[in-house]
Q: 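One structure is given below, represented as structure tokens, and several questions about it will come after.
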Amino acid sequence: MENWDPAVVRILSIFMPSTFKSRAAITPESRFVHYTTSKNLLDILDSGEIEFQNTRDMNDHHDLEIGVERLQDWIGRSGGTALADALDRCAPGVWSEGVRKFQDRLPDVRNETYVLSVAEHDPAESNTGRLSLWRAFERDVTGVAVVVDTLPFMQVAQALKAYSSPVAYWTRQQFIGEFETVAATLLENEQFIARTNRALLREVTFLMLLFAATCSKHPGLGDEREWRVLTNPLLWPSTLLTKHNSGVEGSNRTMYTLPLKNRPMENITGLEFPQLISRVIIGPSMHAEAVREEIVSKLAEKNVPQPAAKVIMSKLPVRAKAMG
């Protein structure tokens, strides 16, 4: 975050402390990993585009509602009183304005939020991948883990209007505790907040609530270590993202795609091959060798140097049947 405006960094650290801490922990050596099917990876390599999926089309279409319901319950039970009092002491009325905007835009958040999901990569999993994520795949598909550079996900690209955030796997008490921390930190920075532009404070309050709603999951899923790149055409329209409707008859599925193309003048770099992909791990599969050959061949077409060295098989056993 060395290129960020210091004032923005300070505001983020106050309103989104856990997110700020997670972002600060990402180093140039860190890597993300995108778990997908081998077919989807080949489609990405062929098209040179990545997809942002509507949250309603995620594997668990109730995923978004976990955060929304928890946030609404917290606000409805006057859980925000301490935070409202702290913010109103610095900038009277901003809390209610931010909450009102969130409630007004909630239908847009629910229906038009699009997500690209990655996870923090553990170097210890470089040869095997993460077992809990392999188990999320259906038996008739081959999963792959695509290890990628973190740079494209950490950049602030105003032109792209897509924003990354770690997912929080909080218990209800941890969820409440995060906002208690925000309230205490606001009071510690009262003079700074009082000098900050009112419209900016209202927007940051709205964003704090929005990301709490859209980037929260059940605490039992914490080993996923997911990050989400969010975009919403109704909130943040972008000319760099292209809308597509499903070609499947009877489906109203919509997605947005982003070309894997660097735009350094717009602070978008690291998206092109060969820089983007560090490694591909092939998950448990009866066809791992054939899948590996196909991916190696496709990477070679994209002029990725030494593609065979980048694609490995996890060699995890394929379960003949489910447990029980």
Q: Is a side-chain N or O of Ser216 found less than 3.5 angstrom from the main chain of Ala212, in a donor-acceptor match?
A: yes
Q: Roughly how far, to the nearest 0.5 Å, is the CG atom of Leu186 from the CD1 atom of Ile193?
A: 5.5 Å
Q: According to salt bridge (Lys or Arg N to Asp or Glu O under 4.0 Å), does anything in residues 149-166 pair up with another residue at least two apart or in another chain? List the pairs.
A: Arg31-Asp149
Q: Sequence neighbours excluded, which residues qualify as side chain to side chain contact (heavy atoms under 4.5 Å, CB included) partners of Glu272?
A: Lys261, Asn262
Q: Under 3.5 Å, side chain of His34 to main-chain N/O of Val147, donor-acceptor pair present?
A: no
Q: Would you check if the side chain of Ser314 reaches a backbone N or O of Ile282 as a donor-acceptor pair within less than 3.5 Å?
A: yes
Q: What residues, two or more places apart in sequence or in another chain, satisfy side-chain hydrogen bond (donor to acceptor under 3.5 Å, both in side chains) together with Thr257?
A: His244
Q: Determine which pairs satisfy salt bridge (Lys or Arg N to Asp or Glu O under 4.0 Å) with at least one residue from residues 299-318, sequence neighbours left out, and list them in order.
A: Lys298-Glu301
Q: Quick test of your reading of the model: are Asp43 and Lys39 salt-bridged, counting only N-O distances below 4.0 Å?
A: yes
Q: I'd like to check the ring-ring contact (aromatic ring centres under 6.0 Å, His included) partners of Trp170; sequence neighbours left out, ordered by chain and number.
A: none
Q: Residues two or more places apart in sequence or in another chain: which of them pass side chain to side chain contact (heavy atoms under 4.5 Å, CB included) with Thr27?
A: Glu29, Ser30
Q: Check this for me: Glu289, atom CD, are more than 12 non-hydrogen atoms of other residues, nucleotides or ligands nearer than 6.0 Å?
A: no
Q: Do Val167 and Leu116 belong to the same hydrophobic cluster, where Ile, Leu, Val, Met, Phe, Trp and Tyr are linked whenever their side-chain heavy atoms lie under 4.5 Å apart, directly or via other members?
A: no
Q: Pair His287, Ser38 - check side-chain hydrogen bond (donor to acceptor under 3.5 Å, both in side chains), show working.
A: CA-CA 11 Å; His287 313 289; Ser38 58; over 6 Å; no
Q: Step by step, would you call Arg130 with Glu125 a side-chain contact (heavy atoms from CB on, under 4.5 Å)?
A: CA-CA 6 Å; Arg130 195 168 304 163; Glu125 299 170 343; 3.0 Å; yes
Q: To check you understand the geometry: which heavy-atom pair defines the closest contact between Leu221 and Tyr169, and what is its length?
A: O-CE2, 3.3 Å
Q: For the NZ atom of Lys21 and the OG1 atom of Thr19, what is their distance to the nearest 0.5 Å?
A: 12.0 Å
Q: Using the rule that two of Ile, Leu, Val, Met, Phe, Trp, Tyr join whenever any of their side-chain heavy atoms come within less than 4.5 Å, decide whether Tyr163 and Val8 are in one cluster.
A: yes
Q: Can any side-chain N or O of Gln53 pair as donor or acceptor with the backbone N or O of Asp57 at less than 3.5 Å?
A: yes
Q: Is it true that Asn232 and Arg105 share a donor-acceptor pair across their side chains at a distance under 3.5 Å?
A: no
Q: May I ask whether Phe137 and Leu133 are part of the same hydrophobic cluster, defined by side-chain heavy atoms of I, L, V, M, F, W, Y residues being less than 4.5 angstrom apart, directly or through others?
A: yes
Q: Let's go through Ile281 and Val144 carefully: what are the C-alpha distance in whole Å and the side-chain angles of both, what is the deciding distance for side-chain contact (heavy atoms from CB on, under 4.5 Å) to 0.1 Å, and is it a yes or a no?
A: CA-CA 6 Å; Ile281 308 167; Val144 296; over 6 Å; no
Q: Run the numbers on Asn54 and Thr254 for side-chain hydrogen bond (donor to acceptor under 3.5 Å, both in side chains), then give the verdict.
A: CA-CA 7 Å; Asn54 192 291; Thr254 301; over 6 Å; no
Q: Can you pull the salt bridge (Lys or Arg N to Asp or Glu O under 4.0 Å) pairs that have at least one residue in residues 174-192, sequence neighbours excluded?
A: Arg89-Glu190
Q: With the 4.5 Å side-chain cut-off for hydrophobic clustering, are Leu151 and Ile50 part of the same group?
A: no
Q: Could you go through the side-chain contact (heavy atoms from CB on, under 4.5 Å) check for Leu260 and Glu49 one step at a time?
A: CA-CA 5 Å; Leu260 294 173; Glu49 296 178 329; 5.8 Å; no
Q: Return the set of residues passing ring-ring contact (aromatic ring centres under 6.0 Å, His included) with Tyr256 (not counting sequence neighbours), or none when no residue passes.
A: Tyr114
Q: Can you spot which of Leu241, Leu258, Val115 makes a side-chain contact (heavy atoms from CB on, under 4.5 Å) with Thr231?
A: Leu241
Q: Mind running side-chain contact (heavy atoms from CB on, under 4.5 Å) on Gln155 and Leu160 for me, showing each step along the way?
A: CA-CA 10 Å; Gln155 293 167 335; Leu160 181 55; over 6 Å; no
Q: In residues 200-209, what donor-acceptor pairs under 3.5 Å come from side-chain atoms, sequence neighbours left out?
A:
unit_1 : atom_1 : unit_2 : atom_2 : d
Arg202 : NH1    : Glu97  : OE1    : 3.0
Glu203 : OE1    : Lys101 : NZ     : 2.6
Thr205 : OG1    : Leu201 : O      : 2.8

Q: Suppose we screen for side-chain hydrogen bond (donor to acceptor under 3.5 Å, both in side chains). Which residues come up paired with Glu294, at least two apart in sequence or across chains?
A: none
Q: Do you see a donor-acceptor pair shorter than 3.5 Å between the side chains of Ser132 and Glu224?
A: no
Q: I'd like to know if the side chain of Arg292 and the backbone of Ala308 have a donor-acceptor N/O pair within less than 3.5 Å.
A: yes
Q: Just to verify, what does Ser164 make a side chain to side chain contact (heavy atoms under 4.5 Å, CB included) with, not counting sequence neighbours?
A: Arg23, Met154, Trp227, Val229
Q: Do Leu41 and Val291 share a hydrophobic cluster, counting only Ile, Leu, Val, Met, Phe, Trp and Tyr and linking them when any side-chain heavy atoms are less than 4.5 Å apart?
A: yes
Q: Using the test ring-ring contact (aromatic ring centres under 6.0 Å, His included), find all partners of Phe175 that sit at least two apart in sequence or belong to another chain.
A: Phe179
Q: Taking Pro166's backbone N and O only, do any of them form a donor-acceptor pair with Arg228's side chain (distance below 3.5 Å, no angle check)?
A: no
Q: Determine yes or no for a side-chain-to-main-chain donor-acceptor pair under 3.5 angstrom, with Ser96 supplying the side chain and Gly93 the backbone.
A: yes
Q: Using a 3.5 Å distance criterion without hydrogens, assess whether the side chain of Asn111 forms a donor-acceptor pair with backbone atoms of Pro107.
A: yes
